[in-house]
Structure formats: C-alpha cells, structure tokens
Amino acid sequence: MKPRNIAAGLGLAMILTVALFALAYPFTPGYDPYAQELSDAFVRPFTTAHYPLGTDSLGRDLASRLALAGRITLGLVVVIVLVNAAIGVVIGTVSGYFRGVLDSLLMGYADVQLAVPMSLVIMALSAIRGPSVGLMATILGLTFWVGYARVGRSVALGLSARDFVIAPRLLGARSTWVMRKHIVPHVLVPVGILATADLGNVMIMISSFDYLGLGVQPPTPSWGLMITDGQKYIRQAPYLTIVPAVALLLVIAGTLLVGARFTETGQGLRRTVRAPRRSRRGLEAVTA
C-alpha cells in the first residue's frame with residue numbers, strides 16, 4: 001500500500017474514532033453532561049469506571065461533556081462547510097457561465113468580502129449583541145464561500161465554451177437547465193475536494209472563537225470552551241485541558257491527512273481530463 005493511502009486511512013480512522021465516541025457514548029449508562037457532584041470533583045481519568053475520563057471542578061463527567069461537545073463542534077463544522085459550499089457553487093457557476101458584467105460584480109463583491117477579516121466582524125457584533133453560537137455560525141456560514149465560488153467560476157469558465165454546453169443553448173435550452181445538467185456536476189468534484197480540506201480550518205476557527213468566549217456559551221460544552229475552562233486548573237488537573245485538546249487534534253490532523261489525499265486525487269483527475277485522448281488504451285493507462 002502506498003504511503004499516501006496509509007496516511008489517508010490513518011486520518012480517516014482518527015476522525016471516525018472521535019465521531020463514533022461522540023455519537024455512541026450518550027447511549028452508555030451514567031451519561032449526563034450537566035449533572036454536578038461536588039464530592040466527586042477532580043477525579044482523575046482511568047481511576048474509576050463511573051468516570052472513565054475523570055470529572056471537572058464541579059464533579060461533572062468529563063467523558064459525557066466531551067461527547068456532547070464533539071457533537072456540537074462537529075455539527076457546526078459540517079453545517080458551515082455545506083452552507084458555504086452551496087453558496088459558492090451557485091455564485092461561482094452563475095459568474096463563470098454568464099461572464100460579463102455579472103461576473104465582474106459577483107467577483108468584485110467576493111474580493112471585497114475576502115478583504116474584511118471575519119474575526120473582527122464577529123468580535124464587533126458580539127460586543128454589540130452579545131456573544132452567541134447562533135451569531136458565530138451565521139457569520140461563518142454566510143461569509144466563507146469565496147474560495148468555493150472561485151473554484152466554481154474557474155470550472156464554469158472552462159466548460160461554458162465546450163460543445164456539450166453550447167449545443168443545448170443553441171437548441172433553446174434554458175440557462176438554468178444547462179448549468180444544472182452540464183456544469184454543476186463538474187463543479188461539485190473540485191468543490192467537494194476543497195470542502196474536505198477546509199473542514200480542519202473551519203474547526204480551528206470555531207474552536208478559537210469558543211476559546212475566546214465568542215461562540216458556544218456555558219453551561220453548554222464545546223471543545224474550545226472546555227480548553228478555556230481547564231486552563232484555570234492547569235496545575236491541579238491538567239487533563240481538563242489535555243483531553244479536549246487531544247480530541248480536537250485528532251479531528252484536525254485527520255481532516256488534513258484525508259484532505260491532502262483528496263487534493264492529490266483532484267489534481268490527477270484534472271491532468272487526466274486535460275490530457276489528449278489518443279486512444280482508449282492510453283487513457284486507461286493514464287487513469288489507472
């Protein structure tokens with residue numbers, strides 16, 4: 001097996017391990033991320049079966065809170081990436097297909113939005129309206145689409161002059177039908193590769209905002225918020241910071257490994273599509 005495939009498999013295993021823990025642990029006996037038992041505060045990991053990962057300063061089960069925080073953090077990441085990918089596909093496809101003034105307006109707006117640091121926007125709005133996970137998710141969900149739009153536009157520009165796109169237009173097909181049938185399917189492949197690579201980046205952003213207190217608010221747990229809370233007791237109970245940090249590291253490292261493999265695959269597919277088709281046997285040799 002090639003080293004790149006081993007790395008991708010390792011990354012996938014890391015992601016699945018954390019995801020399965022977050023999904024399966026709520027079905028175990030004793031799961032309760034909010035129950036407090038002050039007499040059981042600061043129980044160290046792996047010292048009792050009732051608290052496998054220990055407890056925090058309020059006697060709350062760290063494993064239960066880690067699982068709930070995982071579902072919240074992973075859910076936010078997936079939703080934000082999917083929303084931005086969908087917006088980027090629509091804007092990029094329309095921009096590359098119609099070109100002209102519409103292309104200039106849409107890409108000009110994308111350049112302006114790219115120049116505005118979203119972290120400052122979130123901080124400013126949080127200072128005005130108060131920090132909340134809804135505010136953070138809305139801003140990130142509607143402002144992170146520029147990269148996907150540029151990829152979609154690049155693909156649409158290359159395909160808009162191809163015969164299989166021009167022919168239905170000459171026969172009277174609607175532009176929406178042409179884009180949906182002949183352009184969007186080709187756009188989804190590179191956008192999907194970019195989305196896979198962006199999962200780790202979005203998770204870092206969400207966890208950073210949670211760490212700063214601009215995202216998920218107590219008592220609801222998140223990995224970034226758990227790291228912040230654990231730092232107060234870093235000498236007395238370092239595991240309160242280490243446990244969520246390890247979970248975050250596993251997912252981010254896993255997405256980077258898997259994303260790198262998908263990126264390499266996408267580059268190979270683009271080279272194959274651009275290669276001259278001299279013979280069926282030669283093409284099969286290139287794509288093998």
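Along the sequence shown, the residues carry numbers beginning at 1.
- Annotation: ring pair (Phe, Tyr, Trp, His ring centres under 6.0 Å) contacts involving residues 29-68, sequence neighbours excluded, comprise Phe42-Tyr233.
- Exactly one of Val187, Leu188, Val89 qualifies for a side-chain contact (heavy atoms from CB on, under 4.5 Å) with Val155. That residue is Val187.
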>> Under the criterion side-chain contact (heavy atoms from CB on, under 4.5 Å), I'd like the reasoning laid out for Val216 against Phe209: C-alpha separation, chi angles, the key distance, then a yes or no.
In response: CA-CA 8 Å; Val216 177; Phe209 289 128; over 6 Å; no
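- Remark: Arg99 engages Ser160 in a side chain to side chain donor-acceptor pair (under 3.5 Å) (not counting sequence neighbours).
- In this structure, Thr47 contributes its side chain and Arg44 its backbone to a donor-acceptor pair below 3.5 Å.
- For the atom pair CE (Met203) and CG (Asp210), the distance works out to 10.5 Å, reported to the nearest 0.5 Å.
- Using a 4.5 Å heavy-atom threshold, the side chains of Trp223 and Val251 count as touching.
- Two residues are said to be in side-chain contact when any heavy atoms from C-beta on lie closer than 4.5 Å; Asp32 and Arg60 fail this criterion.
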> When you look at Asp56 and Asp229, which way does the side-chain contact (heavy atoms from CB on, under 4.5 Å) test go after all the steps?
Replying inline: CA-CA 9 Å; Asp56 61 7; Asp229 294 338; over 6 Å; no
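- Side-chain contact of Ser95 with Asp103: a donor-acceptor pair under 3.5 Å is present, judged by distance alone.
- Residues Ala149 and Met107 share a closest heavy-atom pair of CB-CE, 4.3 Å.
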Validation: residues 75-86 side-chain donor-acceptor distances under 3.5 Å, sequence neighbours left out:
residue: Asn84; atom: OD1; partner: Phe144; partner atom: N; Å: 2.7
residue: Asn84; atom: OD1; partner: Trp145; partner atom: N; Å: 3.0
residue: Asn84; atom: ND2; partner: Ile80; partner atom: O; Å: 2.7
residue: Asn84; atom: ND2; partner: Leu140; partner atom: O; Å: 2.8
residue: Asn84; atom: ND2; partner: Gly141; partner atom: O; Å: 3.4

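- Across every non-hydrogen atom of Met179 and Thr93, the tightest pair is SD-CG2, 3.8 Å.
- Residues Ile234 and Thr241 have side chains in contact (heavy-atom distance under 4.5 Å, counting atoms from C-beta outward).
- Closest of all the heavy-atom pairs between Tyr239 and Val43 is OH-O, 3.0 Å.
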Residues 112-126, side-chain donor-acceptor partners within the protein, below 3.5 Å, at least two apart:
residue: Gln113; atom: OE1; partner: Tyr109; partner atom: OH; Å: 3.1
residue: Gln113; atom: NE2; partner: Thr143; partner atom: O; Å: 3.1
residue: Ser126; atom: OG; partner: Ile122; partner atom: O; Å: 2.7

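- In the hydrophobic clustering of this structure, Ile206 groups with Val133; members are Ile, Leu, Val, Met, Phe, Trp, Tyr whose side-chain heavy atoms approach within less than 4.5 Å, directly or through other members.
- In the hydrophobic clustering of ILVMFWY residues, with side-chain heavy atoms under 4.5 Å counting as a link, Leu212 and Met136 come out together.
- Expressed to the nearest 0.5 Å, how far CD1 of Ile204 lies from CG of Leu199 amounts to 11.5 Å.
- Under a hydrophobic-cluster definition in which Ile, Leu, Val, Met, Phe, Trp and Tyr are linked whenever side-chain heavy atoms come within less than 4.5 Å, directly or via other members, Leu142 and Val151 are assigned to the same cluster.
- The shortest non-hydrogen separation linking Arg65 to Pro33 is NH1-O, 2.8 Å.
- A single hydrophobic cluster is not seen to contain both Leu249 and Ile252; linkage of ILVMFWY side chains at heavy-atom distances under 4.5 Å, directly or through other members, places them apart.
- Counting only residues at least two apart or in different chains, side-chain hydrogen bond (donor to acceptor under 3.5 Å, both in side chains) contacts with residues 166-182 comprise Tyr97-Arg169.
- With rounding to the nearest 0.5 Å, the separation of CG in Asp198 from CD1 in Ile193 is 12.0 Å.
- Atoms CG and OG, from Leu225 and Ser207 in turn, are 10.5 Å apart once rounded to the nearest 0.5 Å.
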In residues 11-29, what donor-acceptor pairs under 3.5 Å come from side-chain atoms, sequence neighbours left out?
residue: Thr17; atom: OG1; partner: Ala13; partner atom: O; Å: 2.7
residue: Tyr25; atom: OH; partner: Asp61; partner atom: OD2; Å: 3.3
residue: Thr28; atom: OG1; partner: Tyr25; partner atom: O; Å: 2.6

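- Distance check: Leu157 CG to Ile183 CD1 gives 9.5 Å after rounding to the nearest 0.5 Å.
- Closest non-hydrogen pair, Ser57 versus Ala41, comes out as O-CB, 3.4 Å.
- Closest approach of Ala156 and Gly92 over heavy atoms only: CB-O, 4.2 Å.
- Rounding to the nearest 0.5 Å places CG of Leu171 at 12.0 Å from CD1 of Ile166.
- When side chains are defined from C-beta on, Pro244 counts as touching Leu66, because their heavy atoms get closer than 4.5 Å.
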